[in-house]
Structure formats: C-alpha cells, structure tokens
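See structure below.
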There are 2 protein chains.
Amino acid sequence: MSKRITGVLSPVITPFGKDYTPDAERFIRQCRWLLGNDVGLAVFGTNSEANSLSVMERMDLLEQLVESGADPARLMPGTGACALPEAVQLTAHAVKLGCAGVLMLPPFYYKGVSDEGLFRSFSEVIQRVGDSRLKVYLYHIPPVAQVGISLGLIERLLSTYPGTVAGIKDSSGDPANMSAMLDRFAPQGFDVFAGTETLLLANMQAGGAGCISATANVNPGPIAALFRQWQDPDASQRQAALDAVRAIFAKYPMIPALKAAVAHWSGEAQWRTVRPPLAELEPSQAKGLIDELTAAGFSIDGLRP
Amino acid sequence: MSKRITGVLSPVITPFGKDYTPDAERFIRQCRWLLGNDVGLAVFGTNSEANSLSVMERMDLLEQLVESGADPARLMPGTGACALPEAVQLTAHAVKLGCAGVLMLPPFYYKGVSDEGLFRSFSEVIQRVGDSRLKVYLYHIPPVAQVGISLGLIERLLSTYPGTVAGIKDSSGDPANMSAMLDRFAPQGFDVFAGTETLLLANMQAGGAGCISATANVNPGPIAALFRQWQDPDASQRQAALDAVRAIFAKYPMIPALKAAVAHWSGEAQWRTVRPPLAELEPSQAKGLIDELTAAGFSIDGLRP
C-alpha cells in the first residue's frame with residue numbers, strides 16, 4: 001500500500017524571540033515533542049504564522065529542522081504563496097529536503113478569482129518544480145484565505161496531475177463539504193484530512209486520511225490515539241473528550257491561545273509572543289483559558305525542557 | 001509649502017513576457033508614457049499584480065525604473081507584505097532609492113485582526129526602516145485585502161509618527177469614509193487620495209490630495225487635467241466624462257480589462273498576459289470592451305512604440 005503521510009499532523013506554532021525573530025532551537029524542541037506524541041509536522045500552516053514569515057525564514061527553519069534529525073517522511077510544510085516564484089521556490093526546497101508532501105494555499109490576495117486562474121496557479125507550481133517526488137496537499141481554508149478550492153478544481157487538478165495532487169486539508173469547517181470530497185475523490189486515492197479533530201472520527205469512518213488541526217499543538221497524544229483506535233468501541237467517547245478540549249480553545253483567538261497554553265505548561269513565557277498583525281492574549285484572557293482548561297482536567301505533559 | 005507627492009497616480013500595470021516574467025523594458029516605457037501625461041507612479045499596487053510578484057522581482061523592477069531616469073519624486077511604490085521582514089526590506093529599499101513615499105497594505109492573510117495588531121505591524125516597519133525620509137501612505141482596500149484601516153488606527157499612527165505617516169489611499173469606494181478621513185485628518189496635513197477618479201472632484205473640493213486609480217493606466221491625461229483644473233467651471237463636465245470611461249471598464253474584471261485596452265491601442269499583444277491566479281479576458285470579452293470604448297469615442301494615444 002501507499003507510504004503516503006497520514007494520521008494526525010500539527011500546524012506547528014512558531015516560537016519567536018526578542019524582535020520577533022524565530023527561535024529555531026525552541027521550534028525544533030517542540031517538533032520533537034510532537035513527533036514523540038505520534039503527530040506529524042505540518043509546519044508553516046496558518047497556526048504557524050507562516051505568512052508572517054519571510055521566504056528565507058521559512059526555508060532556514062525547515063533546513064534546521066531536517067538537519068536536527070526530524071524525519072522528512074513526517075513533514076508536510078506549507079509552501080503556498082501569493083507570488084508564483086515564491087511558491088515554486090518554497091515547494092522545490094521542501095521536495096529537495098525529502099518532505100512527504102507540501103500543504104499549498106492558493107494565492108490569496110485577489111478575491112473572486114476563477115477556477116481557471118487557480119488551476120493555472122497550482123499547475124505552474126507543479127510544472128516548474130518538475131519533480132516526481134512532489135506530493136501536493138491542497139489547502140482549503142475559506143474563512144481565512146477567502147479563496148477556496150472547489151470540487152471542480154480538485155477534479156481538474158487530480159485528472160491532470162494524478163500522481164502529484166495527493167490530497168487536501170479541508171478547513172472549511174463544513175462536514176458536508178468534507179463528505180463531498182471524500183465521496184468523490186477518496187476512491188481515487190485522494191487523501192482528505194479534516195481541518196479539525198472534531199471531525200476526525202467522521203473523517204476516518206468515511207475513508208479519510210486523518211486530520212491537521214491547530215489543537216494538535218496542545219493535545220497531540222489523545223488526538224493521535226483516536227486516529228489509531230478509531231475502530232475501537234470507545235471511539236465516540238474519545239471524540240467527545242477531544243471536542244471538550246477544543247471547545248475551550250475555540251472561545252479565544254486560536255493562535256495566541258495555543259501559545260498561552262504552551263507557555264503555561266512549558267514554563268517558557270517566550271512562547272506567548274505572536275508576530276504582528278496578531279496580538280497575544282491579554283493576561284486576564286490567558287488566565288481564563290488556563291483556569292478553564294485546568295478545571296476540565298486538562299494539562300500538557302512533557303513540555304518542560 | 002509641502003513638497004509631498006500629490007495629484008494623480010497610476011498603479012502601473014505590470015507587463016509580462018513568456019513564462020510570466022516581468023518585462024522591464026516595456027514596464028519602463030509605460031511608466032515614461034504615464035509621467036509624460038502628468039501622472040505619478042504608484043508601481044506595485046493592486047492593479048500592478050504586485051502581490052503576485054516576488055520580493056526580488058519588485059526590487060529589481062524598481063531599481064531598473066529609477067536607473068532609467070524616472071524621477072523618484074514621482075514614485076510611490078507599494079511595499080506592504082504579509083511578512084514583517086519583507087515589508088521592511090521593500091520599504092527600506094524604496095526609501096534608499098529616494099521614492100517620494102510608499103503605499104503600504106496591512107498584512108492581509110489573517111482576518112479580523114485588532115487595531116492593536118495592525119498598529120504594531122506599521123509601527124515595526126517604520127521603526128525598523130528608521131529613516132526620516134520615509135513617508136508612509138496607508139492603503140485601505142477592504143474589498144480585496146479584507147483587512148481595513150480604521151479611523152482609530154489612523155489617529156494612533158498619525159499621533160505616534162506625525163512626520164512619517166503622510167496619507168492614505170482610500171479604495172473603500174465609500175464616499176462617507178473618504179469624507180470622514182478628510183474631515184478628521186486632512187487639517188493635520190494627512191493626504192487623502194481617492195482610490196478612483198470618480199471621487200476625484202469630491203476629494204479635491206474637500207481638501208484631498210488627488211487620486212490613485214486603476215484607470216489612470218488608460219485614461220491618464222484627462223484625469224490629470226481634472227486634478228489641475230478642478231476649480232474651473234467645467235470641472236463637473238470633466239468629472240462626468242471620466243466617469244463614463246470608468247463605467248465601461250468597471251463592467252469587466254479590472255486588471256485584465258486594463259491590459260486588454262493597452263494591448264489593443266499599443267498594438268502589443270503581450271500586454272494581455274496576467275499572472276495566475278488572474279486570467280486574461282476571453283477574446284469575446286476583449287472585443288466587447290474595445291467596441292464599447294471605441295463607440296464612446298475613447299482611445300489611448302501615444303502608446304505605440
């Protein structure tokens with residue numbers, strides 16, 4: 001069978017030092033901890049503040065991560081960009097480093113663009129990278145990018161590049177959309193990842209490949225356990241427990257909340273920093289989050305250096 | 001009086017050659033023609049497909065333009081970017097080349113960000129560039145960026161960086177918003193540019209600085225004439241004539257339509273090319289546009305090499 005990347009992946013949050021510079025050492029440590037919890041690394045996703053990083057910063061962090069010994073077979077870096085040459089550069093670089101796949105946003109500045117224009121965007125990247133090892137996972141996140149990936153676009157890309165267009169992360173939050181993608185494309189070997197673990201069980205039951213979820217940054221072990229044991233009798237209970245944690249985080253701006261939780265349970269206050277245009281949680285918000293998580297019996301283990 | 005850049009500026013369309021590479025020679029020729037029509041150069045705006053260009057492509061084109069003899073006092077390049085280091089790099093480069101100002105988009109990937117986060121974004125760029133020659137023109141274009149510049153944010157930036165935050169391009173299309181900006185900030189020397197020439201006369205009558213408009217790419221002379229003669233008795237007639245031309249272009253996707261018109265009247269078919277995710281007009285659309293413009297007595301003179 002396929003050796004493609006599947007399971008639970010985390011869009012790894014990016015730690016910053018003073019002056020908002022990425023902290024490579026802390027980043028690598030976090031990635032190791034996630035891998036140790038059986039969670040793959042969708043570095044440079046939305047929750048990684050990837051679009052707030054320069055092209056050079058992204059390439060540099062990825063190189064350091066691979067050089068540190070992280071298995072590229074567990075890596076799916078985000079490589080989408082508004083500018084075609086930059087998407088090509090990031091994607092070619094990830095392929096050269098042996099990454100299992102890349103998670104590719106559409107160009108997201110212009111709104112209301114046609115499927116023809118988006119097809120050309122993905123097509124140009126695939127052709128210019130020109131490497132049979134490339135596996136593209138489309139990134140459908142209309143609430144943020146405001147530019148989505150339609151079923152018609154997937155169909156055209158999949159029929160034009162069947163060996164390369166490998167799957168999608170569906171962050172629409174719409175179960176009906178996920179079902180439609182699974183029904184139409186999973187039988188062709190197209191891997192559909194839910195964009196949240198709240199749809200993980202439903203995704204697996206319908207032939208999906210797993211999930212790529214913000215909260216895998218803070219709750220990796222239990223999410224990965226549901227992926228492994230989704231056919232067990234207690235799967236619904238596991239799903240409900242995951243949903244309860246997610247519901248607490250969902251009351252706050254997600255990225256600052258993830259960082260506040262990691263800062264708290266790692267004891268490293270530096271984790272709180274987000275790059276503009278984001279802003280960290282107010283101290284009272286952070287306290288509210290931690291208090292509520294603690295009251296629910298939640299904690300993050302193994303983060304202290 | 002102030003030597004600040006005012007008047008009519010064009011977000012210069014970017015010509016591409018084969019493989020979507022920018023055509024510097026044709027770009028410089030177009031810029032010269034616009035300057036000859038008394039129109040300044042807001043290169044790398046939305047209509048320039050700037051966010052579809054890499055950072056290196058933008059810097060390279062700007063250097064070639066300045067080296068060709070274009071007066072930097074007539075230049076307001078777009079330098080906004082989602083990633084702080086890239087906005088800093090582009091802005092510092094434009095200042096070093098002596099540009100009159102920069103037109104700065106907010107970071108536009110994350111939606112629903114706070115004014116605090118946006119303030120930090122602009123503030124970091126201004127502080128890191130750290131050059132008293134820098135003049136920042138904020139770029140408010142909510143229909144595309146989906147991240148806008150509020151009156152409260154302008155107030156805070158203007159009071160923190162009074163010598164640097166110099167004005168705004170208001171592409172909200174909302175006359176009430178433009179009026180509010182003019183009322184509150186123009187008396188402090190804040191230059192408000194309308195985002196379309198359809199609001200040029202109203203802008204000038206209320207103390208504005210001019211306009212930065214897509215259709216200045218194709219109708220520069222008459223728009224610049226209204227700017228110079230807005231106090232003349234025939235100003236309303238001039239405005240009406242501009243509006244009639246704009247209304248024809250507004251029936252089509254703007255960037256491909258501008259390029260189709262320039263391709264037609266320059267005789268250079270290469271102008272039609274747009275970078276993905278945009279797509280050029282269908283031949284029937286292009287014919288419809290040119291026919292309607294021609295029937296209205298419109299043509300573009302002086303474009304043939």
Side-chain angles (χ1 to χ4, degrees), chain A residues 16 19-22 46-47 49-58 80-90 105-125 127-128 141-147 253-256 274-280 282, chain B residues 16 19-22 46-47 49-58 80-90 105-125 127-128 141-147 253-256 274-280 282:
Chain A
F16 296 111
D19 296 335
Y20 302 119
T21 47
T46 296
N47 291 283
E49 301 173 75
N51 291 302
S52 300
L53 301 173
S54 70
V55 169
M56 293 311 295
E57 286 173 331
R58 289 161 74 160
C82 290
L84 177 60
E86 294 176 342
V88 171
Q89 185 179 12
L90 289 165
L105 277 171
F108 52 84
Y109 181 65
Y110 294 106
K111 308 305 186 292
V113 295
S114 65
D115 273 3
E116 170 65 25
L118 292 174
F119 176 81
R120 292 184 193 178
S121 295
F122 288 112
S123 188
E124 283 291 323
V125 175
Q127 291 193 23
R128 289 176 189 217
I141 182 167
V144 183
Q146 306 274 329
V147 176
M254 182 58 80
I255 299 168
V274 289
R275 256 196 189 176
L278 302 184
E280 67 286 352
E282 297 290 337
Chain B
F16 296 110
D19 295 335
Y20 301 119
T21 47
T46 296
N47 291 283
E49 301 172 73
N51 291 301
S52 301
L53 300 173
S54 71
V55 168
M56 294 311 296
E57 286 174 331
R58 288 160 75 160
C82 290
L84 178 60
E86 294 177 341
V88 171
Q89 184 179 15
L90 288 165
L105 276 172
F108 52 83
Y109 181 64
Y110 294 106
K111 309 305 185 295
V113 296
S114 65
D115 273 4
E116 170 65 24
L118 291 175
F119 175 81
R120 292 184 193 178
S121 295
F122 287 112
S123 188
E124 283 290 325
V125 175
Q127 292 193 24
R128 289 176 188 218
I141 182 168
V144 183
Q146 306 274 330
V147 176
M254 183 59 81
I255 301 168
V274 290
R275 255 195 189 175
L278 302 184
E280 68 285 353
E282 297 289 336

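In the text below, chain A, chain B and the rest are named by the order of the sequence lines, each starting its count at 1.
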**OP:** Kindly say whether E124(A) contributes a backbone atom to a donor-acceptor pair with the side chain of Y20(B) at under 3.5 angstrom?
**Re:** no
Subject >> Where Y110(B) and A50(A) come nearest, the two heavy atoms and their spacing >> reply: OH-N, 4.2 Å
Original post:
Nearest 0.5 Å, what's the CD-CG distance between E49(A) and L84(B)?
Top reply: 11.5 Å
Original post:
Yes or no on side chain to side chain contact (heavy atoms under 4.5 Å, CB included) for F108(A) and N51(B), after CA distance, side-chain angles and deciding distance?
Top reply: CA-CA 9 Å; F108(A) 52 84; N51(B) 291 301; over 6 Å; no
Original post:
Which of these passes side-chain contact (heavy atoms from CB on, under 4.5 Å) with V113(B): P253(A), P277(A), P276(A)?
Top reply: P277(A)
Original post:
Is R120(A) salt-bridged to E280(B), going by a charged N under 4.0 Å from an acidic O?
Top reply: yes
**OP:** Find the one option among Q89(A), E116(A), E86(A) whose heavy-atom pairs under 4.5 Å with chain B are most numerous.
**Re:** E86(A)
**OP:** Answer with side chain, backbone, both or neither: which region of L53(A) has an atom nearer than 4.5 Å to a non-hydrogen atom of chain B?
**Re:** backbone
Original post:
Relative to chain A, which of V144(B), V55(B), L118(B) shows the most heavy atom pairs under 4.5 Å?
Top reply: V144(B)
Subject >> Residue P143(B) versus chain A: region with a heavy atom under 4.5 Å >> reply: backbone
Original post:
Which region of V274(A), side chain (C-beta onward) or backbone (N, CA, C, O), has a non-hydrogen atom less than 4.5 Å from a non-hydrogen atom of chain B, or is it both or neither?
Top reply: neither
Original post:
Listed by chain and number, what are the side-chain contact (heavy atoms from CB on, under 4.5 Å) partners of P85(A), not counting sequence neighbours?
Top reply: A83(A), S54(B), E57(B), R275(B)
Original post:
Does the side chain of T46(A) pick up a donor-acceptor pair with the side chain of Y109(B) at under 3.5 Å?
Top reply: yes
Original post:
What residue in S121(A), S114(A), S123(A) has the most heavy-atom pairs under 4.5 Å with chain B?
Top reply: S121(A)
